[in-house]
A.B. asks: 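Quick one: this structure, given as structure tokens, is what I'll be asking you about.
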There are 2 protein chains.
Amino acid sequence: MPRQKFLQIYSQLKQRIESGEYPVGQLLPSENTLIGEFDCSRNTVRRAISELVRDGYVQTRQGWGVCNIFQPIEHSSYTMGMIESFRETARRTGQTSTTRVVAFEPCTADESIAAQTGFPVGEELFALQRIHDLDGVARILNISYLRRSCMPGLTREIAEGSLYRYLEEELGMSIITSKRTFTVELATPQDRQWLDLGEYNCLAVVANQVYNSEGVMFEYTQSRHYPGSFRFQDNAVRRPEES
Amino acid sequence: MPRQKFLQIYSQLKQRIESGEYPVGQLLPSENTLIGEFDCSRNTVRRAISELVRDGYVQTRQGWGVCNIFQPIEHSSYTMGMIESFRETARRTGQTSTTRVVAFEPCTADESIAAQTGFPVGEELFALQRIHDLDGVARILNISYLRRSCMPGLTREIAEGSLYRYLEEELGMSIITSKRTFTVELATPQDRQWLDLGEYNCLAVVANQVYNSEGVMFEYTQSRHYPGSFRFQDNAVRRPEES
DNA sequence: GCCGATTTGTCCGTATGTATC
DNA sequence: CGATACATACGGACAAATCGG
């Protein structure tokens, strides 16, 4: 259980919603009621609720209340709104996963790489390519560029394991922000070399820029997904008139 | 200019970041400094900053500061994190846009429709199909199901215009929450009938469940995009250990 | 249409905890 | 260790929207 109070309240409310304790389409108890139940301040309850709004569990309306809009679909193979490693996703969905490194070499950012990744021209990088297998079938081709100055001791052997675990545990680098762009691209010969696309001639491509806790972009990864096992979710809340 | 203080501060900070007033990779002024500058409370500054974090402009770190991670790429043809109508998107990107209704008829949700849309079986709906043209080329096939009880007077003529404007202005229905799922699907004969896919044999499909202010899902729309003009953006922030 | 009770939205001030340097 | 910075939490005040009488 998390130490922070607002996360405790958030978790409990979420669990109640998922378990059907609050009827769908109905109002949750009012903030004042929840204040009494959880013995906390109004702000703390409000923070928990705002996280539930962000996650698409509830919807609020001034003068009315907090409405449960949970629908238990969400059997996604890939979840949005958070940074999740390939391994974490596979574990959550109960699939076996393996990772193979098919390329690893130092390189320098030229104009083309810079334009694509956002690294400055001339930056010293590692180029890393990995294949992710789900239940024994190659499903994702990962093309990464890593800032060498952030991880000078990186080797192919380390990349074979969990890159993020290395960065966090060995280098004490906690990943904070990630900017993602999603597109659909025609398959390249390289895609076909590694992935069995079946009928598809396209891939779902997620371009990911990852920033460490110092605000330095240290990783650009293009994840090229077999379309059949790709899914992305998102919730949006409309603001009254936010230009 | 928005009336709310936190939005004013948010807008001003965002504009300064976009205009390069704060160096990229450097810290913004501390919260206490901003409190003095904007003559407000700590909470208000923090709220503005938290919105900037959500939008991928800055990143915060306890004990350190608020770091500018803005990168002026973002020339996307489709923006995430908010609910934007086709018309709004086209206007923003300077493209001409037209909408054609190619099908409009009442129907009832059967098992298949219910499973796909999330409407209950037996619900009375309108089935609506529209084509969106960008600069004269058909780019999006929209397949919608609308809850008839929420818009009993809807006609094909109204659907020819702006559906959302009708809902908001005529019915006083303000849209609040939208749940989106993105996938890549093989083109169907129907897709090929309406869209010129060129080399692609897939489409980018955005399934959208829209809730009105009463918490009732009133619209399910599947937007089937020509892949070449589709792009989706997202920012994610990793929490320390949020299970 | 008005009024009052309820509920969420905004904003303030303060105190304490925790991470960074 | 101390100074600084962000993170969490509390309590209070008023505004704005909703709903029922």
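What's counted below: heavy atoms across the whole structure, side chains too, no hydrogens, waters or symmetry copies. Every value quoted in this text rests on a predicted model; they were computed, and no experiment measured them.
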A.B. asks: Atom CD1 of A:I176 to atom C1' of C:dT20: distance rounded to whole Å?
C.D. replies: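 Answer to the nearest Å: 13 Å.
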A.B. asks: Can you find an N or O donor on one side and an acceptor on the other, under 3.5 Å apart, linking the side chain of A:R42 with the base of C:dG9?
C.D. replies: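 Such a pair exists between side chain and base.
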A.B. asks: Does D:dA7 have OP1 or OP2 under 4.0 Å away from a side-chain N or O of B:Q62?
C.D. replies: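 Checking B:Q62 against D:dA7: no side-chain N or O falls below 4.0 Å of OP1 or OP2.
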A.B. asks: Counting only Watson-Crick pairs (N1-N3 plus N6-O4 or O6-N4) and G-U wobbles (N1-O2, O6-N3), all under 3.5 Å, who is the partner of C:dT6?
C.D. replies: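 Its partner is D:dA17.
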A.B. asks: For residues B:V210 and B:T221, determine if any side-chain heavy atom of one lies less than 4.5 Å from a side-chain heavy atom of the other.
C.D. replies: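 No - every pair of side-chain heavy atoms lies 4.5 Å or more apart.
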A.B. asks: Can you check the A:Q59 CD to D:dA17 C1' distance for me, whole Å?
C.D. replies: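 To the nearest whole Å, that distance equals 15 Å.
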A.B. asks: Can you check whether B:R46 has a side-chain N or O nearer than 4.0 Å to OP1 or OP2 of D:dA7?
C.D. replies: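 The answer is yes; a side-chain N or O of B:R46 sits under 4.0 Å from OP1 or OP2.
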A.B. asks: Taking the six-membered ring for Trp, is the centroid-to-centroid distance between A:F218 and A:Y211 below 6.0 Å?
C.D. replies: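 They do not qualify: ring centres at least 6.0 Å apart.
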A.B. asks: Quick check: A:Y166 with A:Y164 (ring centres under 6.0 Å apart)?
C.D. replies: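 Between A:Y166 and A:Y164, which both carry aromatic rings, the centre distance is not below 6.0 Å.
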A.B. asks: Does a side-chain N or O of A:W64 approach OP1 or OP2 of D:dC19 to a distance below 4.0 Å, or not?
C.D. replies: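 Yes, because at least one side-chain N or O of A:W64 sits under 4.0 Å from OP1 or OP2 of D:dC19.
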A.B. asks: Rounded to the nearest Å, what distance is computed from the CD atom of residue A:Q4 to the C1' atom of nucleotide C:dT18?
C.D. replies: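 That distance rounds to 11 Å.
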A.B. asks: Kindly say if B:T44 contacts the phosphate of C:dT10, meaning a side-chain N or O under 4.0 Å from OP1 or OP2.
C.D. replies: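 B:T44 to C:dT10 OP1/OP2: no side-chain N or O under 4.0 Å.
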A.B. asks: Rounding to a whole Å, what distance do you find between A:E31:CD and D:dC10:C1'?
C.D. replies: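 The distance from CD of A:E31 to C1' of D:dC10 comes to 15 Å, rounded to the nearest Å.
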A.B. asks: Among C:dC11, D:dC6, D:dA17, which nucleotide has an atom closest to any side-chain atom of B:T60?
C.D. replies: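 The listed nucleotide nearest to B:T60's side chain is D:dC6.
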A.B. asks: Whole angstrom is fine here: how far is it from CD1 in A:I9 over to C1' in D:dC10?
C.D. replies: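 Value for this atom pair: 12 Å.
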A.B. asks: Counting the benzene-type ring for Trp, do A:F182 and B:F182 have ring centres under 6.0 Å apart?
C.D. replies: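 A:F182 vs B:F182: aromatic centres under 6.0 Å.
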A.B. asks: Just the rounded figure in Å: distance from P of C:dC11 to CD of B:E51.
C.D. replies: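 Rounded to the whole Å, the gap is 11 Å.
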A.B. asks: Both A:K5 and B:E214 contact DNA chain D. Taking the nearest nucleotide for each, which residue is further toward the 5' end?
C.D. replies: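 Taking each residue's closest nucleotide, the earlier one in sequence belongs to A:K5.
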A.B. asks: Are A:W64 and B:E214 packed together at the side-chain level, in the sense that at least one heavy-atom pair is separated by less than 4.5 angstrom?
C.D. replies: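 Of all side-chain heavy-atom pairs linking B:E214 with A:W64, at least one is under 4.5 Å.
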A.B. asks: Once you round it to whole Å, what is the distance between P of D:dA17 and CG of A:L27?
C.D. replies: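 The distance from CG of A:L27 to P of D:dA17 comes to 18 Å, rounded to the nearest Å.
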A.B. asks: Starting at the 5' end of DNA chain D, which residue's closest nucleotide do you reach first, A:N43 or B:T33?
C.D. replies: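 The residue closer to the strand's 5' end, by nearest nucleotide, is B:T33.
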A.B. asks: Which part of the nucleic acid, if any, lies within contact of B:R61, taking any heavy atom under 4.0 Å across all strands shown: a base, the sugar-phosphate backbone alone, or nothing?
C.D. replies: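 Sugar-phosphate, no base atom in range.
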A.B. asks: Could you give the CZ-to-C1' distance, from A:R47 to C:dT10, as a whole number of Å?
C.D. replies: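 The distance from CZ of A:R47 to C1' of C:dT10 comes to 17 Å, rounded to the nearest Å.
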